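What follows is a single structure, written as C-alpha cells, with notes after it.
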Amino acid sequence: MNKARKILNDPLRVADELLEGLVLAGDGKVVKLPGVNALVRPDLPEGKVALLVGGGSGHEPLFHGFVGKNMADGAACGDIFAAPSPDVPYEATKAIHRGNGVLYLYGNYAGDAMNFDIAAEMAAADGIRVETIRICDDVASAPPERASERRGIAGDLYMIKIAGGAAATYPTLDEVVRVTRKAVDNIRSLGVALAAGSIPQTGEPTFLLPDDEIEIGMGVHGEPGVGRQKMTSADALTAQMLERLLADLPFKQGDSVCLLVNSLGSTTMMECLIVNRAARALLAERGITVHATDIGPYVTCQEMAGFSITLMRLDDELRRLYDLPADSVGYRKMGKAGA
Amino acid sequence: MNKARKILNDPLRVADELLEGLVLAGDGKVVKLPGVNALVRPDLPEGKVALLVGGGSGHEPLFHGFVGKNMADGAACGDIFAAPSPDVPYEATKAIHRGNGVLYLYGNYAGDAMNFDIAAEMAAADGIRVETIRICDDVASAPPERASERRGIAGDLYMIKIAGGAAATYPTLDEVVRVTRKAVDNIRSLGVALAAGSIPQTGEPTFLLPDDEIEIGMGVHGEPGVGRQKMTSADALTAQMLERLLADLPFKQGDSVCLLVNSLGSTTMMECLIVNRAARALLAERGITVHATDIGPYVTCQEMAGFSITLMRLDDELRRLYDLPADSVGYRKMGKAGA
Amino acid sequence: MSPEKDAWDAEALKRALERAADLILSETETLTRADQAIGDGDHGIGMARGFNAVKAALPACEPTVPAVLETVGRTLMLKVGGSSGAIFGTLFMAGSKAVSEAPFDAEGFARFLEAGLEGVQKRGNARPGDKTLVDALAPAAAEARATLHQNGGASLGQCLHAAARAAGDGMERTRGMVATLGRAKTLGERSLGHPDPGAISMTLLLRGLAGAMNEAP
Amino acid sequence: MSPEKDAWDAEALKRALERAADLILSETETLTRADQAIGDGDHGIGMARGFNAVKAALPACEPTVPAVLETVGRTLMLKVGGSSGAIFGTLFMAGSKAVSEAPFDAEGFARFLEAGLEGVQKRGNARPGDKTLVDALAPAAAEARATLHQNGGASLGQCLHAAARAAGDGMERTRGMVATLGRAKTLGERSLGHPDPGAISMTLLLRGLAGAMNEAP
Ligand SMILES: Nc1ncnc2c1ncn2[C@@H]1O[C@H](COP(=O)(O)OP(=O)(O)O)[C@@H](O)[C@H]1O
Ligand SMILES: Nc1ncnc2c1ncn2[C@@H]1O[C@H](COP(=O)(O)OP(=O)(O)O)[C@@H](O)[C@H]1O
Ligand SMILES: [Mg+2]
Ligand SMILES: [Mg+2]
Ligand SMILES: [Mg+2]
Ligand SMILES: [Mg+2]
C-alpha cells in the first residue's frame, strides 16, 4: 500500500490547525477557548442545560464539527486518535455551564472515559453538576448482554442530534439524561472496513487487511470485529450486516427508524446510495418504515474505505427531537416544517 | 496502485441503482420519472420557474443529490462520467415545467452541451421556453479571455444554490437567468489532484499521476490543468492556488465572498479544515471577508484525492439567495434567520 | 448500372439501414476496445443500444424516405447517450431534412451526408483534424458529391461505395491525430496511434449501407 | 542506614521528582518507539510534555509533601493527554491523599504506591496481566511493603530500590502478555514480545526516585 497523500503542514500540529480552520468555518457560531483545544458556542442562554461532546481528532466532522444550534454546546478535542487531557473537557465545562448542569456525551473508549471522568470530578469540585453517557452503538464490539461495553461509532451523530435537541428544549439535566439514555437504548450500528486509512503523522496505514478481504464490525482504528471474509456485492454485504443489526435491538415490524449510511472516508456517496437502496428493500420486507435518511461521511477514520449502517428506532419524542433543524459545520438540516 | 475496493453490485447498473438509493434517501421529496434516469420534485407549484441540472453520474452528491427545496427542481442523470441522452433532460423538462419556462444549468462539457441542447430544441418544439447556462468556474481550464470555454467543477454547488434560490423566489425565467449569469460572473474555482479515483466499472484509476507529484488545475476526470509539481505543504499549496484564483476575477479588498473547500473524494474534512485555515488567513490579508463557508465532498470524482477552492463574490442579491435554507440529500442548510 | 437499383424507396432504405445496423452490432467489441484505448470505453455499448433500438423502430415507421431517416435519428439520439448519441442522432435528423419524399438516389445520398455533416458540426463544433467522426464523415460527403459529378451523374451504388472508402481512409488518418475535443482530449498526445472510435462507427455505417446495395432485395 | 536520608522533606522530595523527570525526559525516544511498536506512538511525546510541565511547576509549589505530590498529579493529568495522562495523574493525585504532612519516609512511600495503585485501578479497571503499567506498579507497591516489613522496618532508600527493581521485572514480564486494554488491544497477539510503554515509564519514574536517594543533596 502506498503512503497516503495528505494535505498537511506540521503533522504534530494537525489538531491545533484543524480546530482553527473549524472555528473559521463556523462563521462566528463557535469559538475556541484560550489554551485548550475546546470549541464552544458563545451564545448560550442562562439556564440552558449544556451538552459537551469530544474525543480524539482525525474522525472529522465528528466531534468538534457537531457543535452548533440544536447540536452540541461544546467539544473537547484530543490529538489525532487520542483522548483529550481532562483540562480540555474541564475548561469547556466551565465555559458552557449556565447553572443547570452539563451532560458529557462521548464514545465508549478507555482513554476518553478516564479523562472525561477526571474532568467531571474537577467540575463537581467546582459545584457543577455533570452527568455522563457513553455512546456504545457498535453491535460488533460486544454481545447484547454486555451492550454497555460496546464502542461508539457512527451512532455518535444520532446521539448528538438527539441529546443536542433535548438540551436545547428541555429545562432540566435529568430530562436530557433520560432522553439521551433512551437514544442509547434505541441506536445500533454495524460497520465494515474495506481498506485502512492512514495515520496523519506518518502516512502509515492504521491497520492491515489482506487484499480482497474485508472485516465486518472492525472498529474505526482497526479494532477487531465479527470476522474477516472475502469481498462481496453491495446487496449481499448490506443484507449480511442488516441481519445482524436488526436482530440486536431487535428491530421489529411496525418500527419507525432513522437510517444513517455513514462513509468511513473514501467510500463514495455513490456507493452509500447503492447500500441505501439495498437496505431500504430489506427494511421494507421486514415492515420497518424509514422516517428520515442521512448519507455521508460523518464519522470517519481518515481515508479508510468502508461504511456503517446505523438505525435509530423512534418514538414520538425521539422523532420530534430528530426533526429539529440543526446548524453545525459538520451537520446541517432544515426543520421538518420547512422555512 | 491497487484496484479500488468498491461496494457495488452490477458495475453496469451503477447509475440506475444509485438513483434508486437517492430517491429513497429523499424521503418522498424527489421521485424518479419512469423509463429515464431523471429525478424531479413532485410538489412544484404552478407558475414556478423550473431549474433543471444534470450530467454524468459518479460525482455524487452532484448533480442529482442537489434536487430539493430552494435547490434544483430536477436532474438529468447520465451513466458514470457520461452525458445523459437528450430524452432524459427532455422528459425531466416536461415533468417540471409549470408554464413559466425552464433553466438548464450544467457543467460546460461537450457531451452535456450537445445532449441538453437537443433536449432544449425538443422542448421548444413542444412550446416550452428553455434557457441554458453552462457552469464554467475552473480558472485552470482556459484563460480569462476565453472564460466561457472553461470547465465546470465545484462551483456547481454555488451555481445550483443561487439558481435554485432564484427559481424559488423570482417570478420570471428572465430574472432567474439574469441572476444565474451574475453568479457565473462571480464564481471562480481551482482544484488540485493528488491521486486518481477509479472507474467503477473497472476499478482502474481515472488517470495516472507520478508518485509524489500533484497537478494544480487538473480536471475531475484527469483533464490537464496548470501543471505538475512536487507535493508541498497545505499552507504553500493553498497560497499558490488562492493567488491564481484571486487574480482571476479579480477579487479585491472589501469583497465579501462565500468560500467552499471541496474534497474530491478521499481527502478528509480534517485536511479541508487545515486548508480553510490557510485560506482564511490569506483572504484576511487581502481584506476579503468571508460571509459563509462550506466544507465537504460536494463535487467528487470517486475516491480521488485532492480538493478545490471556490470563491463566490457576493452582492446583496447573491447573499440573500445564498442565505435561503436548502433541503436536498446532498446539501442541507438552515436559513440564516434560524428556526 | 441497373436503373431499379439506382434509388431506394422507403422500404429498401429500411432494409439497407437494418443491414448497416447489423454490421455495427457485430463490431460492438471493436468499438468498445477503441473507446477503452482513448476514451471511456462506453462507445460500443452505446452504439449497440442505439442500433438495436433502430432495428426495433424501423418496421413500424411511416414509409417515406425522410420519415425513415428521421426515425433513425430520433432513436439514436434518445438511446445512445454520451457524445456519440447526440452526434449520430444529429447526423440523421439533419440529413433527413435535406431529402425529398422521392426515392433515395445518389443526389439524395450526397445531400443527406452534406446536411448531416453541417448539422454535426453545428452541434459539436468539430473541425476536420480534431480526431472525431467528422474526420470520416467530411471526406465521405465530399467523395459522394465528387463521384456524382465526376461521371456526369453516378449511381447510388457508386456513391455509397466511394463514400465508404473515403470514410475508411479518413478513419485511418485519425490515428495520426491528437484529440482536441471530447473525452479523448484528456489524453492529449497519448491518443496518438489509435483511431477515433466514432470514426470507426461512421465507416461501419457507410460500409453497411454500401453492402446492402449489392444484395438481393 | 543514615537517619537523615531515611525521609525526604518537601524540598528533598521536589528534588527527587525533578531527578525522576530528567530520567524520563532523557528516555523520550525509547517511550516513543515502544508505543509505536504496540500503540499509537504518542506516549513519549505525552510524557515529555507532562514532565517538562512538572519541572516548571515544582519550584513554586507549596512545600508540604502532599502538596508536592498533588501538584505533580494535577500537572501530569492536564498536560500528558491520552490514557497515560489520566493514569499517571491519578497515581499521584490518589497517592498524595494517602501521605501525611510529615517527611516522606518508607511507610509514606509504601502508602503512596498502594493508594496510587488503588486509584489507578479504580480509574482504569486494569488488572495485573492486562499489559499496562499496573504490571509494573502492582509489584512495586507489593515489594515496597514487603521490604518495609521484612527487616522489621527498612529505610526509604531500601524501599525505593526494591520497588524500582520489582517494577523493572514486572515491565519485562509484560513482553509475554497480550494486551487486553487500551490502544494496544487492537493488535491482539501482535503485541506479544514488546514491553508495555506505560510500564517502562513507571519503571523509569521509580528508578529516578531511587537514584535521587544516592545523590548529594
Ligand atoms: N464535438 C464532437 N463532434 C463530433 N464528434 C464527436 C464530438 N465529440 C465526440 N465525438 C465523437 O464521439 C465519439 C465518442 O463517443 P462516445 O464514447 O459514445 O461518447 P463519450 O465521449 O461521451 O463517451 C468520439 O470517438 C468522436 O468520434
Ligand atoms: N486502563 C488502563 N489502566 C492502566 N494503564 C493504562 C490503561 N490504559 C492504558 N494504560 C497505559 O497507558 C499506556 C499508553 O499511554 P499513551 O500512549 O499515553 O495513551 P494512548 O493509549 O491514549 O495513546 C499503556 O502503555 C498503558 O501502560
Ligand atoms: Mg494516543
Ligand atoms: Mg462516455
Ligand atoms: Mg465514450
Ligand atoms: Mg499512545
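Residue numbers start from 1 in every chain, and the chains themselves are labelled A, B, ... in the order their sequence lines are given, proteins ahead of strands. This one's a predicted model, so the numbers in the text were calculated from it and none came from an experiment.
Looking at Glu20(B), its side chain never comes within 3.5 Å of a backbone N or O of Arg277(A) through a donor-acceptor pair.
Heavy-atom distances place both the backbone and the side chain of Met270(A) under 4.5 Å from chain B. Proximity to chain A (any heavy atom under 4.5 Å) is restricted, for Ala326(B), to the backbone atoms N, CA, C and O. No part of Asp10(A) comes within reach of chain B, as not one of its non-hydrogen atoms sits under 4.5 angstrom from that chain. Contacts between Leu209(A) and chain B at a heavy-atom distance below 4.5 Å involve backbone atoms as well as side-chain atoms. With a 4.5 angstrom heavy-atom cutoff, Val275(A) touches chain B only via side-chain atoms. Heavy atoms of Thr267(A) lying under 4.5 Å from chain B belong exclusively to its side chain. Within the 4.5 angstrom heavy-atom criterion, atoms from both the backbone and the side chain of Thr293(B) approach chain A. If you measure heavy-atom distances from Ser266(A) to chain B, the contacts under 4.5 Å come from both the backbone and the side chain. Neither the backbone nor the side chain of Leu19(A) comes within less than 4.5 Å of any heavy atom in chain B.
Enclosure of atom CZ in Arg286(A) is not indicated, since only 12 or fewer non-hydrogen atoms of other residues, nucleotides or ligands lie within 6.0 angstrom.
When each of Val290(A), Ile80(A), Val14(A), Leu273(A) is checked for heavy-atom pairs under 4.5 Å with chain B, Leu273(A) comes out on top. Residue with the most contacts toward chain B among Leu8(A), Asp327(A), Val23(A): Leu8(A) (heavy-atom pairs, distance under 4.5 Å). Across Ala292(A), Gly306(A), Gly265(A), the residue that shares the most heavy-atom pairs under 4.5 angstrom with chain B is Ala292(A). Residue with the most contacts toward chain A among Arg280(B), Met304(B), Glu271(B), Lys333(B): Glu271(B) (heavy-atom pairs, distance under 4.5 Å). Between chain A and the options Gly65(B), Ala195(B), Pro61(B), heavy-atom pairs under 4.5 Å are most frequent for Pro61(B). Note on His291(A), Met269(A), Glu17(A): by heavy-atom pairs under 4.5 Å with chain B, the leading option is Glu17(A).
With respect to Thr268(A), the side-chain contact (heavy atoms from CB on, under 4.5 Å) criterion is satisfied by exactly one of Glu60(B), His59(B), Gln302(B): Gln302(B). Screening Thr232(B), Ile274(B), Leu237(B) for a side-chain contact (heavy atoms from CB on, under 4.5 Å) with Asn9(A), the sole residue that qualifies is Ile274(B).
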Problem set entry | Test log, rule side-chain contact (heavy atoms from CB on, under 4.5 Å), inputs Met334(A) and Lys69(B) | CA-CA 10 Å; Met334(A) 270 176 67; Lys69(B) 187 172 175 67; 3.6 Å; yes

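The minimum heavy-atom distance linking Gly21(A) with Asn276(B) is given by the pair O-ND2, 2.7 Å.
Of the charged side-chain nitrogens involved, at least one lies within less than 4.0 Å of a carboxylate oxygen, so that Asp294(B) and Arg332(A) count as a salt-bridged pair.
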